[in-house]
Number of protein chains: 2
Amino acid sequence: MTAADTLRSRGLRLTRPRRIILDVVRSTDTHPTAASVYRRVRRKLPRVSLATVHRNLRQLATQGLLVERSAADGMRFDGNTGVHDHFTCVACGRIYDVPARPRSAVRRRMASSTAFEVFDYRMEFYGRCGACRRRRTRSPLTRHQRRTYGRQEP
Amino acid sequence: MTAADTLRSRGLRLTRPRRIILDVVRSTDTHPTAASVYRRVRRKLPRVSLATVHRNLRQLATQGLLVERSAADGMRFDGNTGVHDHFTCVACGRIYDVPARPRSAVRRRMASSTAFEVFDYRMEFYGRCGACRRRRTRSPLTRHQRRTYGRQEP
DNA sequence: TGGTTATTGGTAATCATTATCAATTAGACT
DNA sequence: AGTCTAATTGATAATGATTACCAATAACCA
Ligand SMILES: [Mn+2]
Ligand SMILES: [Mn+2]
Ligand SMILES: [Zn+2]
Ligand SMILES: [Zn+2]
């Protein structure tokens, strides 16, 4: 089932902006912000509106064609919809995919020891990535710099 | 070492607004937003400014007297600074503390299989809490309602 | 090739957080 | 207890991110 079919089967249309936005998110593993997606989409479609990017990221996530993840510095989007975990480098801000560990054991233990019905869980690792370990540590970003720029997208 | 001593040893002062803000966050396990803390602080200090609440939550988190956590609906604050995990009920939005599982094994495995140096990790569980399992499911909140109100604080 | 209607671009509105600044006051030291 | 000094406050403006609105456009179906 292609993305176009998924959309059309729900009465949605695969417009040019929507297709390019989906392509941009799917063709990277950097977990871009909406602003970053906007910058990249404009290279192919200079007249696109920032509102269109926001609208489509939200819509495409609702339709399951990409994943919306909240990170410490705001919302990010992930074209990898498979089950996987993430590692955030606290030095450079990059977010890496890491393979998920088997989930069933954790869910069983959680469900049997509490009144909670666990549908899913998420693991986030924090530390320093290989590149940053080899390099002298730079001064950390300010709160505002983290939110606005985030070193993972040059 | 009391909170007042921690602050004074770093040239900071324990003012009345700051003490009340810290008390409010420490005396609940609902992981309140800044807006929610503001509402509760105003009951004791009606003339407090929202900016003062934001400033102090940030400062107190920087000093390690409370923890700042990003959730799907925005930033939240946790008076429990010990190691623990969280369960988010997708039906009512409440965030519950859950005991942490032993950390060393996970960190060792992660560090040995990748180039990442893991300082810490975070687990978030998602599902339905006991109260919501017993009760008929209500209609889900809108995006805006989730961000602003969040059912966990009535 | 039309006709319907989802979608777009442009822009205003909203929301959360941060910045600014004159007035206040906690804490240290007489 | 009174004085001093700098941290802090309340009020408000500014900022950044996201959402709402609406007339114009264009995707898709018959
Ligand atoms: Mn990912
Ligand atoms: Mn907690
Ligand atoms: Zn790094
Ligand atoms: Zn619940």
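Hydrogens, waters and symmetry mates are skipped; everything else that's a heavy atom, side chains included, is used. Numbered from 1 within each chain, the chains take letters A, B, ... in sequence-line order.
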Response to the item:
Note on DNA chain D: ranges paired as stems (three or more Watson-Crick/G-U pairs in a row, both atom distances under 3.5 Å) are C:1-30 with D:1-30

How long is the line joining [atom1] of [X] and [atom2] of [N], in whole Å?
X	N	atom1	atom2	value
B/L50	C/dC15	CG	P	13 Å
B/R42	D/dA11	CZ	C1'	14 Å
A/L57	D/dA17	CG	P	14 Å
B/R58	C/dT17	CZ	C1'	8 Å
B/I20	D/dT9	CD1	C1'	13 Å
A/H54	C/dA13	NE2	P	18 Å
A/F77	D/dT18	CZ	C1'	10 Å
A/L45	D/dT25	CG	P	16 Å

Worksheet item: Does B/R19 make a side-chain N or O approach to OP1 or OP2 of C/dA26 shorter than 4.0 Å?
Response: no

Worksheet item: Does a nitrogen or oxygen in the side chain of B/R18 sit under 4.0 Å from OP1 or OP2 of D/dT8?
Response: yes

Can you list everything that forms a side-chain contact (heavy atoms from CB on, under 4.5 Å) with [X]? Sequence neighbours excluded, please.
X	answer
B/S49	B/A51, B/T52
A/T2	A/A4, A/D5
A/T6	A/M1, A/R10, A/L65
B/H86	B/H31, B/R69, B/D78, B/H84, B/I95, B/D97, B/E124

Discussion item. Given D/dA20, D/dA11, D/dT18, identify the nucleotide with an atom nearest to the side chain of B/S49.
Written reply: D/dA11

Worksheet item: A/N56 has a side chain; which of D/dA11, C/dG10, C/dT8 sits nearest to it?
Response: C/dT8

Discussion item. Run the ring pair (Phe, Tyr, Trp, His ring centres under 6.0 Å) test against A/F77 and tell me which residues pass, sequence neighbours left out.
Written reply: none

Worksheet item: Closer to the 5' end of DNA chain C via nearest nucleotide, is it A/Q59 or A/A51?
Response: A/Q59

Discussion item. On DNA chain D, compare the nucleotides closest to B/V48 and B/G11; which residue's is nearer the 5' end?
Written reply: B/G11

Worksheet item: What residues form a salt bridge (Lys or Arg N to Asp or Glu O under 4.0 Å) with A/R122, not counting sequence neighbours?
Response: none

Worksheet item: Any idea which heavy atoms bring A/P32 and A/R40 closest together, and the distance?
Response: CB-NH2, 4.2 Å

Worksheet item: If you take all heavy atoms of A/C132 and A/C92, which pair is closest and at what distance?
Response: SG-CB, 3.6 Å

Worksheet item: If you measure from CE on B/M123 to CZ on A/F125, what distance do you get to the nearest 0.5 Å?
Response: 8.5 Å

Below 3.5 Å, can you tabulate the donor-acceptor pairs from side chains in residues 11-22 of chain B to any protein atom, sequence neighbours excluded?
| unit_1 | atom_1 | unit_2 | atom_2 | d |
| --- | --- | --- | --- | --- |
| B/T15 | OG1 | B/R18 | N | 3.3 |
| B/R18 | NE | B/N56 | OD1 | 2.6 |
| B/R18 | NH1 | B/R13 | O | 2.7 |
| B/R18 | NH2 | B/N56 | OD1 | 3.4 |

Would you tabulate the nitrogen or oxygen pairs shorter than 3.5 Å linking the protein to nucleotides 27-30 of chain D?
| unit_1 | atom_1 | unit_2 | atom_2 | d |
| --- | --- | --- | --- | --- |
| D/dA27 | N3 | A/R13 | NH1 | 3.0 |
| D/dC28 | OP1 | A/L14 | N | 2.9 |

Worksheet item: Could one point to a donor on the side chain of A/R55 or the base of C/dG9 with an acceptor on the other under 3.5 Å away?
Response: yes

